[in-house]
2 protein chains.
Amino acid sequence: MTDNGHCGHGDGSVEMQKMCISIVPIFNHLNPSEMSEIIKHTNSVSHPRGHTIYHEGDTSDGLYIIHKGRVKIYRLSESGKEQLVRILEPGDFTGELSLFNETVHDAYAEAMGKVELCVMNREDFQTFLLKYPAISLKVLGEFSNRLAKTEKQAARIAMETTDTRIAMYLADLAEERNSSRIKLPMTRKDLASHIGTSPETISRKLAEFEDAGWIRQHSQREIEIVDMDALLLV
Amino acid sequence: MTDNGHCGHGDGSVEMQKMCISIVPIFNHLNPSEMSEIIKHTNSVSHPRGHTIYHEGDTSDGLYIIHKGRVKIYRLSESGKEQLVRILEPGDFTGELSLFNETVHDAYAEAMGKVELCVMNREDFQTFLLKYPAISLKVLGEFSNRLAKTEKQAARIAMETTDTRIAMYLADLAEERNSSRIKLPMTRKDLASHIGTSPETISRKLAEFEDAGWIRQHSQREIEIVDMDALLLV
DNA sequence: ATGAAACCTTGACCCCCGTCAAGTTTTGGC
DNA sequence: GCCAAAACTTGACGGGGGTCAAGGTTTCAT
């Protein structure tokens, strides 16, 4: 189990848990009475910045739903290097992998700032899946999205040059946010580990892109894409 | 839709389809009458070696269950290079990604030899998921396995050296087959694209491993692991 | 507000490995 | 069983980018 230094337990009013459930795509299609049934089976937990929510090797506590704040999921490679897998935002959930396999977690979850979560235990979640099959379809949809995204990511790291990966990351982010001015959601170090390069290379490539007139770096985290077409030609 | 040169349709006796369903983990827990209900909603299809079963950009036909033969799933990167995602064997299924997202396929499926499949259309499959929620749990389990495997793969390609990736691939294969003598399931080219390197590098590294006394190459595809511990130390 | 810790940038070095090429072996369709 | 096509091996070469180092900047806990 996670070594909980001091994570607030049970400070969850029904009000807060209600919000928690109602913002999650996998539950928010249910009717009010079904929702309150589910709410009864969740607990609120809060973690301070930097706190580990679960460890590789932990057995599954259950399903974690992010209510406020952001959570970083990463894994350690066999040689001990950290790779950032993804960042969870409010409405996202995690903990699922070990929910269905009876295996231990194979990744780490860490609070990137103060985080509030709703937690549902494994058995209750599985019960709800059987009772309300529509939830399963939602979760299946979410899984298949994630699988597609992860496979795409793996293909990119395997086949594209570093320039291309960085350019595509920026392009994806811009598309996701619907804006050519974007704010990087993480440090160079984390970004580097996510796309399979080094922080130094990121700095250098971004400087190159700026010299070429494709982007403008307004601050370390703020980037404006000036010429998307050129950027995507590598 | 896929350009079907000549793939046998409807040559599926009920007998054959029954076998098809009964070997698939996602269905084989059902009782006989439920199974025959499902069998009624599947069609048999066969494809010759090299034939494309579905294309990137195809809309989903449904769920494909491999009955005989092997199927190679690959994707083309933005820059046009091929990456092998995975190889399907009898009992595996595919086509799922677009089943839940209403999106087009983002990968290719190709018959590696003569292949026999059972196909179920999208609507029928979703109906069965709602009718028999236990199937959903099975599919969720399968998805979460695959997600875990793909994330692990992405982390490896991102963080490990080429030597390590090749060594780990061999080690994984040996563990999967429970034998230190393994037969590579694919060509050097496909293996290279799978683990993010070039065929030449694979040849060279395997030669190095053999020189170091860690493996023995009995033939191009037959490899015996002599010193697993040394191999995993890179 | 302030100092320490974390983060970012830039330079120098150099090695890993991708690419091209040419010769050899294996595969599989007839 | 044959022969063309595909797959594999080995060599040579060069550049992309990882690593180490040093100095500047931002962040954040107190």
Side-chain angles (χ1 to χ4, degrees), chain A residues 5-6 48-51 69-70 72 77 79-84 110-114 157-167 183-211 215 217-223 234, chain B residues 5-6 48-51 69-70 72 77 79-84 110-114 157-167 183-211 215 217-223 234:
Chain A
H6 59 301
R49 173 192 177 78
H51 201 252
R70 297 194 305 151
K72 174 169 113 175
S77 70
S79 59
K81 287 196 214 163
E82 178 175 315
Q83 195 213 14
L84 187 145
E110 182 188 311
M112 296 180 77
K114 183 164 184 264
I157 299 177
M159 313 303 295
E160 309 289 358
T161 65
T162 305
D163 312 68
T164 308
R165 299 203 301 270
I166 297 175
K183 185 175 184 339
L184 299 180
M186 58 183 110
T187 65
R188 300 272 190 276
K189 180 158 142 289
D190 283 342
L191 179 53
S193 87
H194 184 56
I195 65 180
T197 182
S198 66
E200 292 92 333
T201 297
I202 303 231
S203 276
R204 278 189 261 266
K205 297 295 181 188
L206 288 180
E208 278 178 31
F209 292 171
E210 188 161 28
D211 286 349
I215 66 170
Q217 303 191 62
H218 293 281
S219 75
Q220 280 185 177
R221 296 285 187 95
E222 293 274 352
I223 291 179
V234 185
Chain B
H6 59 301
R49 173 192 176 79
H51 201 251
R70 297 194 307 151
K72 173 169 116 175
S77 71
S79 58
K81 287 197 216 163
E82 178 175 315
Q83 194 212 14
L84 187 147
E110 183 188 311
M112 296 180 77
K114 183 165 183 263
I157 300 177
M159 314 302 296
E160 310 290 359
T161 64
T162 305
D163 312 67
T164 308
R165 299 203 300 272
I166 296 174
K183 183 173 185 340
L184 298 180
M186 59 184 110
T187 65
R188 301 269 191 278
K189 180 157 143 290
D190 282 342
L191 179 53
S193 88
H194 185 55
I195 65 180
T197 182
S198 66
E200 293 92 333
T201 298
I202 303 231
S203 277
R204 278 188 260 265
K205 297 294 180 189
L206 288 180
E208 278 178 32
F209 292 172
E210 187 161 27
D211 287 348
I215 67 171
Q217 303 191 61
H218 293 280
S219 75
Q220 281 186 176
R221 296 284 187 96
E222 293 275 352
I223 291 179
V234 185

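Letters A, B, ... mirror the listed sequences (proteins, then strands); counts begin at 1. Keep in mind that this is a model prediction, so the values were computed, not measured.
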Q: Between which nucleotides of DNA chain D, 5' to 3', does chain B make heavy-atom contacts below 4.0 Å?
A: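 Taking any atom under 4.0 Å from a heavy atom of chain B, the span is D:dC8 to D:dA12.
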Q: Of all residues at least two apart in sequence or in a different chain, which pass the side chain to side chain contact (heavy atoms under 4.5 Å, CB included) check with A:E208?
A: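 For A:E208 the side chain to side chain contact (heavy atoms under 4.5 Å, CB included) partners, ignoring immediate neighbours, are A:D163, A:K205.
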Q: State, with a plain yes or no, whether a side-chain heavy atom of B:S219 is found less than 4.5 Å away from one of B:K183.
A: no
Q: Looking at residues at least two apart in the chain, or sitting in another chain, which of them share a side chain to side chain donor-acceptor pair (under 3.5 Å) with B:T187?
A: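 Side chain to side chain donor-acceptor pair (under 3.5 Å) check on B:T187 returns nothing, list empty.
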Q: Answer yes or no: is there a donor N or O on one side and an acceptor on the other, between the side chain of A:R188 and the main chain of A:S198, under 3.5 Å?
A: no
Q: Sequence neighbours left out, what passes side chain to side chain contact (heavy atoms under 4.5 Å, CB included) with B:R49? Give chain and number order.
A: none
Q: Which residues in residues 191-207 of chain B have at least one heavy atom lying under 4.0 Å from any atom of DNA chain D?
A: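 Under 4.0 Å from DNA chain D: B:E200, B:S203, B:R204.
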Q: Among all residues two or more places apart in sequence or in another chain, which pass the salt bridge (Lys or Arg N to Asp or Glu O under 4.0 Å) test with B:K114?
A: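 Checked B:K114 against salt bridge (Lys or Arg N to Asp or Glu O under 4.0 Å); matches are B:E116.
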Q: Looking only at heavy atoms, what is the nearest atom pair of A:E82 and A:K72, with distance?
A: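 Where A:E82 meets A:K72 most closely, the heavy atoms are OE2-NZ, 3.7 Å.
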Q: List the residues meeting side chain to side chain contact (heavy atoms under 4.5 Å, CB included) with A:R165, not counting sequence neighbours, and say none if there are none.
A: A:I157, A:E160, A:T162, A:T197
Q: Backbone N or O of B:A111 within a donor-acceptor pair of the B:H51 side chain at under 3.5 Å?
A: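 No, the answer is negative, given that no donor and acceptor are paired below the 3.5 Å cut-off.
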Q: Report which part of the nucleic acid A:R165 touches: base, sugar-phosphate, or nothing (heavy-atom distance under 4.0 Å, all strands).
A: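 No contact.
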Q: For B:P199 and B:K189, work out which heavy atoms get closest and say how close.
A: CG-CA, 3.8 Å
Q: Using a 4.5 Å cut-off on heavy atoms from C-beta on, say whether the side chain of A:H218 contacts that of A:I223.
A: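 Counting from C-beta outward, A:I223 and A:H218 never come under 4.5 Å.
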Q: Using a heavy-atom cut-off of 4.0 Å across all strands, would you classify B:D163 as base, sugar-phosphate, or nothing?
A: sugar-phosphate
Q: At 4.0 Å (heavy atoms only), tell me whether A:K81 reaches a base, stays on the sugar-phosphate, or touches nothing.
A: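 Counting heavy atoms under 4.0 Å across all strands, the contact made by A:K81 is with sugar-phosphate only.
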Q: Quick one: list whatever passes salt bridge (Lys or Arg N to Asp or Glu O under 4.0 Å) with A:E210, sequence neighbours left out.
A: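 Residues passing salt bridge (Lys or Arg N to Asp or Glu O under 4.0 Å) with A:E210: none at all.
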Q: What bend angle does the helix from C:dA1-D:dT30 to C:dC30-D:dG1 show across its length, from five-pair end axes and to the nearest 10 degrees?
A: 80°
Q: For A:S203, which residues count as a side chain to side chain donor-acceptor pair (under 3.5 Å) partner, sequence neighbours excluded?
A: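 Expected list: none.
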Q: With heavy atoms of chain A within less than 4.0 Å as the criterion, where does contact along DNA chain C begin and end?
A: C:dC8 to C:dA12
